[in-house]
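Worksheet: the structure to be examined is printed underneath.
Chain letters run A, B, ... following the sequence lines, proteins first and then strands; every chain starts at 1. Every heavy atom of this structure was used, including side-chain atoms; hydrogens, water molecules and symmetry mates were not.
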Protein chains: 4
Amino acid sequence: MAPLNDEQLHQIRDERKEQIIEAALKVFSRRGIAGTKMSMIAAEAGISHGLLYHYFKSKDELFITLVQRAMIGAHDAMKSIHGLQGSPLDKIKCLTKDILDESGRPYFMLIYQARTSEGVPEKAKELIAQYSLKSFVDELLPVFQEGQQTGDIAAGDPVELISAYLSVLSSLMILNAQDEENYRIPSGDILMRMVTGP
Amino acid sequence: MAPLNDEQLHQIRDERKEQIIEAALKVFSRRGIAGTKMSMIAAEAGISHGLLYHYFKSKDELFITLVQRAMIGAHDAMKSIHGLQGSPLDKIKCLTKDILDESGRPYFMLIYQARTSEGVPEKAKELIAQYSLKSFVDELLPVFQEGQQTGDIAAGDPVELISAYLSVLSSLMILNAQDEENYRIPSGDILMRMVTGP
Amino acid sequence: MAPLNDEQLHQIRDERKEQIIEAALKVFSRRGIAGTKMSMIAAEAGISHGLLYHYFKSKDELFITLVQRAMIGAHDAMKSIHGLQGSPLDKIKCLTKDILDESGRPYFMLIYQARTSEGVPEKAKELIAQYSLKSFVDELLPVFQEGQQTGDIAAGDPVELISAYLSVLSSLMILNAQDEENYRIPSGDILMRMVTGP
Amino acid sequence: MAPLNDEQLHQIRDERKEQIIEAALKVFSRRGIAGTKMSMIAAEAGISHGLLYHYFKSKDELFITLVQRAMIGAHDAMKSIHGLQGSPLDKIKCLTKDILDESGRPYFMLIYQARTSEGVPEKAKELIAQYSLKSFVDELLPVFQEGQQTGDIAAGDPVELISAYLSVLSSLMILNAQDEENYRIPSGDILMRMVTGP
DNA sequence: GATGAATGAGGTTTCATTCAT
DNA sequence: AATGAATGAAACCTCATTCAT
C-alpha cells in the first residue's frame, strides 16, 4: 500500500502542531515556563511526550513559538482598530471590549510570563522587545489624535495616554486570567473614564 | 572565647532569618516558585545552601512564610489610609502614591506569582484566599464613601469602584516591577481619573 | 502496469539489502555500534528509517550481519595468498599491499569496533571468536614456513612471527582508516623488515 | 561543630575527582564515549550519578578532561627518553618496553576512541590535533639521528622511520588492550627489527 | 515495498534535601 | 551555626522500534 501522500502528511503535521500549541499555551500561560513540565503539555494534548519532540526541538523552542504567535496576534488586534466603524471613541470602546472579551487572554498571560521571569529564552525576550509597546502605540495614535480633535478623548500627550491605556488593559487581562473571584474586571465605563477624561 | 549567650544567639538567628527572607523575596518575586532554585536564594543571601535548611524546613515553607508577610504587609498598607491627612481624595491620592513608590513591590509580585501559578503550595493559596480582596475593600470603603458624599469621588457602587481601583493598582505594580522601558506607570492624574470620574 | 514477478521482486529486495549494508558498514565502522543511530544509516542509504526494519529485524541483527560478512571476507583475503605468483616473500609482500590498499578497510574497522566495545551483541562476539586469529595463521603458515626454508623469512617460531605480522597489519588498517594526517602507513619496506629480519 | 577546613575539603575534592577520572577512564576506554553511560561510571566509581555532576559539568567535559590527561601523559612519556641511560638504541628499547608495559594503556585506548569516532566533542579533537604525531616525532628525532650516526639505527628518512615506529607502537597498545587471546604483542625483538634494519 | 507519525524505555542532567564534619 | 559533599527523584530529551496508511 502506498504511503500517505504529501498533502495528507502535511495536514496531519499541521493538526498535531496546532494541538500541541494549544495545549502548551494553556499550560505555559498558567504555570510559566519553569513551572511547566513537558509531560503536562503532552498530557494536555493527549499525546506521548516523545511526539512533542517530533514537532518541537525543545521546551524552549516551543515556548518561543508561542511567544511569536502571541506578539503577532497582539499586533494584529491593534491593527484591527482601523477596520472598526464609528467615531474614534466608538472604535476605542469596541477595541477595548474585543480585547477584554477575547479568547486571547492566555496569550496575554504568556507574554506576561515571558516578560516577568528571568529564566526565559533569550530569543523570546528579543521577540517581545521587537514588538514593543511603541509599535502598538503607533498603531493607535491616529485614532486617539482624531478623538482629541473632536474632544471625545482627553487632552494631553497622546502617547502617554495610550501607554497608560494599554498598561491598564494588559494588567486587567492578566488579573482576570487567574482568578475571577478576587478581582473583577472594572466595568468598561470605569476604564473608559481614563481615556475620555472629566 | 566565651560562648554567646542565649540572647545573642537568638539575635543572630533572627538576623540570618531576615537576611534569607530578603534574598528569597528578591528571587521568588522575579522568577516565581518553580523558576527559583534554593541555590539562587543562598547565593543572593551570601550563605551556603545547606544553611537555608537550618532556618526553613523546605522551599515551600520559605515561600509560604513570604506570602504570609506579604499579605500582612498589604493589609497594613491599606490600613495606613486612616492615618493620612486631608480630604478623602487626598488620602486616596497619597495611598496610591505610597503604594506605587513603595519598596513593597516585590511583595506584590510575589502574591501575583502565588496567585497565578498552579504549582504553589496549598497553604500559600489558603493564606491568599483568607486575606482576600474583600478585606482590602472593607478597609477602604469608609474613605471612598465619604468621598462620594463630598462629590470628590465618582458615584456608583463603591465596592465595584474600589475593586477596579485595586485591580489596576496591583496590575501596575506588577507591570512596573519588570520592565520600565516598555510600560510606564500611567501618571497619577490619569489613574485618578478612574476614581474621580467626570 | 503488470506486477513485478517474483524474480524481479527478489532482485529489488537484494539490491536494497545491499544498499543498506553498504550504508551501515560506512557508519558503523566510523562510529561504533553505540554511536550509530538507525536514522544515520537510513540517511546514508537514502531511505526512510522505517524501511530498515523491513530488511533487518533490529540494529543488532544488522550489525551481526556485517560482522559475519567481515569475517568471511577477511578469511577469503588470507586464502587468496595461495593464488598469488612468485616466491613466498613475493606472496607476502603482495598480500600486504593488497590488504593495505584494499577497500575492505571499513570491515577491519568494524571488527575492531566489535572486538573493542563491550556493548556488542553476544552473537557478534561469537562470530569473531569463531574466526579467530588461529584460522588466519593456519592459512599463512605454509607460505611462511616455505619462506623460512629459503631463508627469505626470518627464522624463529613462525606462529609467533605470523601473529606479530597480522597484529601490526590489523593495527595499521585501523589507524589509517581514521586519520591520514597524523599517522602514516609505514612504508612497505619498513613493515617487511619485521618479517625478513636481518 | 565547625565545618571542614579548606585543606580537608580540597583533599576530599581531589580524591573524588581522581576516583571519578579513574573510573571514567576504565569505562570510556573500553566502550567509547557513545557506549558509555554516566551510570556506568558512577557505578564503577562507587558513587551516585548525581555526584558526577558535582565534579564534572557534563559527560563531554569529563571525556575532554581525560583526553587532556592522556595527551599530556603521552607527551611526557616521549620526553622521558632524554633521561634514559645508554646508547640511543638502548634508550629506544627502554622506551618501547616502558610504553608496552605501562599502565597507560587505557589512555591509548581513549585517544584511539576519540580519534576514531565522529561523535566526539570538538574540544577533544582539538586537543588531539594540538598534540599531534609531529610533536612526538620531534621529541624522538635527536635520539634516532644519533643512532643513525652510530649505525645502530637503520638509515633513511628518520621522520618516516619514527612515524612508522610510533604507528606500530600505538597499534600494538590498542590491540593488546582488548583481547589478549587473539592477538599477541610481537616480541620486542621483532618490533626492534623494524628500527634497526637488516 | 515504503513512509513517517507515534510510542516509551532509557539516558543525561538538575536540584531539593540530607548529613558528616 | 555553618559548610559543601552526597543522594536520588524527577525533569528533559533521544532513539530504537512499531504501525497505520
Item to complete: May I ask you to decide if C:Ala45's main-chain N or O and C:Gln19's side chain share a donor-acceptor pair within less than 3.5 Å?
Response: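 Side chain of C:Gln19 to backbone of C:Ala45, a donor-acceptor pair under 3.5 Å: yes, one is there.
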Worksheet item: Under 3.5 Å, is there a donor-acceptor pair between the side chain of D:Lys59 and the main chain of D:Thr36?
Response: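 Indeed, once roles are kept as given, a pair shorter than 3.5 Å links the two residues.
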Practice prompt. Could you say whether A:Lys57 or C:Asp60 is positioned toward the 5' end of DNA chain F, judged by the nucleotide with the nearest heavy atom to each?
Written response: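 Final value for this comparison: A:Lys57.
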In whole angstrom, what separates [X]'s [atom1] from [N]'s [atom2]?
X       : N      : atom1 : atom2 : answer
B:Leu51 : E:dA16 : CG    : C1'   : 16 Å
C:Glu61 : F:dA16 : CD    : P     : 15 Å
D:Asp6  : F:dA2  : CG    : P     : 17 Å
D:Arg31 : E:dG11 : CZ    : C1'   : 14 Å
D:Asp14 : F:dG4  : CG    : C1'   : 15 Å
D:Ile12 : F:dA6  : CD1   : C1'   : 11 Å
C:Tyr55 : F:dT18 : OH    : P     : 17 Å
A:Leu52 : F:dC13 : CG    : P     : 10 Å

Worksheet item: NA contact type, C:Phe56, heavy-atom cut-off 4.0 Å: base, sugar-phosphate, or nothing?
Response: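 Result for C:Phe56 = nothing.
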Among the candidates [options], find the nucleotide nearest to the side-chain atoms of [X].
X       : options              : answer
C:Tyr53 : F:dA16, E:dA2, F:dT3 : F:dA16
C:Ser58 : F:dG8, E:dT7, F:dT17 : F:dT17
A:Ile47 : E:dT7, E:dA9, F:dA1  : E:dT7

Worksheet item: Do the side-chain N or O atoms of B:Arg16 get closer than 4.0 angstrom to the phosphate oxygens (OP1, OP2) of F:dA1?
Response: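 No, because none of the side-chain N or O atoms of B:Arg16 sits under 4.0 Å from OP1 or OP2 of F:dA1.
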Worksheet item: Would you say a side-chain N or O of A:His54 is under 4.0 Å from OP1 or OP2 of E:dA5?
Response: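 Answer yes for this pair, as a side-chain N or O of A:His54 is under 4.0 Å from OP1 or OP2.
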Worksheet entry | Mate of F:dA20 where both pairing distances stay under 3.5 Å, Watson-Crick or G-U |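 Matched F:dA20 with E:dT3 under the 3.5 Å cut-off.
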Worksheet item: Mapping C:Arg13 and C:Gly50 onto DNA chain E by nearest heavy atom, which one lands closer to the 5' end?
Response: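 Per heavy-atom nearest nucleotide, the more 5' residue is C:Arg13.
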Worksheet item: Starting at the 5' end of DNA chain E and moving along, which residue's nearest nucleotide shows up first, B:Lys59 or D:Ala34?
Response: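 Looking at DNA chain E, the more 5' nearest nucleotide goes with D:Ala34.
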Worksheet item: So do A:Phe56 and A:Ile21 actually touch side chain to side chain, heavy atoms under 4.5 Å?
Response: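 Contact flag for A:Ile21/A:Phe56 side chains = yes.
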Worksheet item: With side chains defined as the heavy atoms from C-beta onward, is the minimum distance between B:Tyr107 and B:Val67 less than 4.5 Å?
Response: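 A side-chain contact under 4.5 Å is absent here.
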Fill in: Residues in contact with DNA chain E, drawn from residues 36-43 of chain B - heavy-atom cutoff 4.0 Å
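Within residues 36-43 of chain B, the residues near DNA chain E are B:Thr36, B:Lys37, B:Met38.
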Practice prompt. Check if the side chain of A:His49 and the base of F:dC12 share a donor-acceptor pair of N or O atoms closer than 3.5 Å.
Written response: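 Absent.
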Fill in: side chain to side chain donor-acceptor pair (under 3.5 Å) partner of D:Gln11, chosen from D:Gln8, D:Glu7, D:Glu15
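In the set D:Gln8, D:Glu7, D:Glu15, the residue that makes a side chain to side chain donor-acceptor pair (under 3.5 Å) with D:Gln11 is D:Glu15.
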I'd like to know whether [atom1] of [X] has more than 12 heavy-atom contacts from other residues, nucleotides or ligands below 6.0 angstrom.
X       : atom1 : result
D:Glu22 : CD    : no
C:Glu61 : CD    : yes
C:Lys26 : NZ    : no

